[in-house]
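Working notes, structure below.
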Amino acid sequence: MRRRIVAGNWKMNKDHREGARLAQELLDGLEGGDPVCEVVLFPPYTALPAVTEILAGSAVRVGAQDLYFEERGAYTGEISATMLSALGVSFALAGHSERRHVFGENDETVARKLRAALGAGLEPILCVGELLEEREAGNASRVVETQVRTSLEGLSADEFSRVVVAYEPVWAIGTGRTATPDDAAQIHTVIRGILGSIFDAEASSLTPILYGGSVKPSNARELLDAENVDGLLVGGASLEAESFLSIIFPA
Ligand code: 13P
């Protein structure tokens, strides 16, 4: 059976004290509940140690929002996958749309980051998604296909078994404009097909594909019910325990 994952990407929000507080509030809110999904938090780097410590021994896991593909050396400002893994981090985002579009990362960089994450024993979440003009030109599937193929082609079956994919249409991120469940289902089904053509259908049927982009308590249920949507990658609505818990336990 496919795993279901609800992840909160805090982006550049919450210092280590605020992050520890939010992690504790989430733990308290999860107590006694029985989430049907895995819960993963993506704090900023500086909050990773505090949040990891608070969540130790719980089922909630921690991920990094980015990483650099080299292991060590003269790369001022960067953090390697092995450094993250040494902290007890389990996941890393690779190719978030803000990394691609604000910081100029391309598919090749993303592919190297994804491989570095796998090499350090992390589970990478490969983020893909088209710009508004690409969607309006009818190119959404093609853009996503290139992003998926460049990052994943050449992985071994074992490496692929640890990959999670997140579809985050750029026009839906932080805009309040959400893809409809049908929009999400359509691209998620395209992604599942691409994975099946690179690897095999059975392996690709096990890959969780998350949706991200203006997810809120009011639309979480319908998105989670859409075909081939196996979870959610939540930005703004993961910054308060109450709204994130309402997404983990959707009405
Ligand atoms: P929002 O939920 O704030 O639109 O952000 C989505 C996102 O980028 C998660 O990684």
Side-chain angles (χ1 to χ4, degrees), residues 4-14 18-19 22-23 26 37-45 47-48 51 60-67 84 89-105 110 113-114 117 122-132 134-135 140 143-144 147-148 151 163-181 183-184 187-188 191 208-224 226 229-248 250:
R4 287 179 84 77
I5 300 172
V6 171
N9 173 10
W10 297 356
K11 309 192 180 185
M12 199 174 73
N13 296 291
K14 310 287 178 193
E18 296 163 333
L22 176 54
L26 288 168
C37 57
E38 294 173 40
V39 178
V40 189
L41 305 181
F42 289 85
Y45 289 133
L48 283 173
V51 170
V60 181
R61 292 199 291 160
V62 182
Q65 298 173 17
D66 189 27
L67 55 96
L84 295 168
V89 164
S90 313
F91 286 82
L93 301 183
H96 188 275
S97 82
E98 285 141 25
R99 299 303 316 171
R100 294 176 189 267
H101 298 294
V102 182
F103 299 101
E105 283 187 20
V110 175
K113 290 186 171 190
L114 185 129
L122 303 175
E123 294 183 62
I125 300 187
L126 170 66
C127 303
V128 298
E130 79 287 357
L131 297 164
L132 183 58
E134 292 167 332
R135 169 158 286 258
V143 168
V144 166
Q147 292 170 335
V148 170
S151 289
V163 170
V164 175
V165 177
Y167 170 57
E168 297 202 301
V170 181
W171 47 270
I173 296 180
T175 58
R177 187 173 163 189
T178 320
T180 63
D183 289 336
I187 300 286
H188 282 231
I191 292 172
I209 306 177
L210 318 184
Y211 169 79
S214 297
V215 174
K216 353 179 225 291
S218 58
N219 59 21
R221 174 83 277 158
E222 58 182 19
L223 286 161
L224 282 168
V229 174
D230 308 309
L232 302 167
L233 181 51
V234 185
S238 71
L239 295 175
E240 299 288 340
E242 195 184 337
S243 58
F244 193 49
L245 286 164
S246 309
I247 291 171
I248 295 169

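Model, not experiment: these values are computed from the prediction. Counting starts at 1 for both ligands and their atoms, in listed order.
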Exercise. Select one of side chain, backbone, both or neither to describe which atoms of Asn9 lie under 4.0 Å from any atom of ligand 1, heavy atoms only.
Key: side chain
Practice problem: For Lys11, take its heavy atoms, then give the atoms of ligand 1 lying under 4.0 Å from any of them. | Solution: 5 (O), 6 (C), 7 (C), 8 (O)
Quiz item: Near Gly213, which atoms of ligand 1 are under 4.0 Å from a heavy atom of that residue?
Solution: 4 (O), 6 (C)
Self-check item: Distance-minimising heavy-atom pair for Ala92 and Leu67
Solution: CB-CD2, 3.3 Å
Practice problem: Look only at the side chain of Arg4 and the backbone of Leu224, and say whether a donor-acceptor pair between them is shorter than 3.5 Å. | Solution: yes
Exercise. Would you mind listing which atoms of ligand 1 come within a distance below 4.0 Å of any non-hydrogen atom of Gly235?
Key: 1 (P), 2 (O), 3 (O), 5 (O), 6 (C), 9 (C)
Self-check item: Atoms of ligand 1 close to Gly236 [distance to a heavy atom under 4.0 angstrom, numbered from 1]
Solution: 1 (P), 2 (O), 3 (O)
Practice problem: Give the intermediate values and the outcome of side chain to side chain contact (heavy atoms under 4.5 Å, CB included) for residues Glu105 and Lys113. | Solution: CA-CA 10 Å; Glu105 283 187 20; Lys113 290 186 171 190; 2.6 Å; yes
Quiz item: Hey, which atoms in ligand 1 end up nearer than 4.0 Å to a heavy atom of Leu233?
Solution: 9 (C), 10 (O)
Practice problem: Just jot down the ligand 1 atoms closer than 4.0 angstrom to any heavy atom of Ser214, in number order. | Solution: 1 (P), 2 (O), 4 (O)
Quiz item: ligand 1 and Val234, any nitrogen or oxygen pair closer than 3.5 angstrom?
Solution: no
Practice problem: Answer yes or no for Ala172: is there a heavy-atom contact with ligand 1 below 4.0 Å? | Solution: yes
Quiz item: Looking only at distance, does Thr175 have an N or O less than 3.5 Å from an N or O of ligand 1?
Solution: no
Practice problem: Compare Gln65, Arg177, His96, Lys216 and give the one whose heavy atom is closest to atom 10 (O) of ligand 1. | Solution: His96
Quiz item: So which bit of Ala237 gets within less than 4.0 Å of ligand 1, heavy atoms only: side chain, backbone, both or neither?
Solution: neither
Quiz item: For atom 7 (C) of ligand 1, which protein heavy atom lies nearest, and how many Å away is it?
Solution: Glu168 OE2, 3.1 Å
Quiz item: Is it true that Gly212 lies under 4.0 Å from ligand 1, counting heavy atoms only?
Solution: no
Quiz item: Mind checking whether His188 and Tyr167 have parallel, tilted or perpendicular rings, split at 30° and 60°?
Solution: perpendicular
Self-check item: Side-chain touch Val215/Val6, heavy atoms, less than 4.5 angstrom
Solution: no
Quiz item: Between His96 and Glu168, is any side-chain donor less than 3.5 angstrom from a side-chain acceptor?
Solution: yes
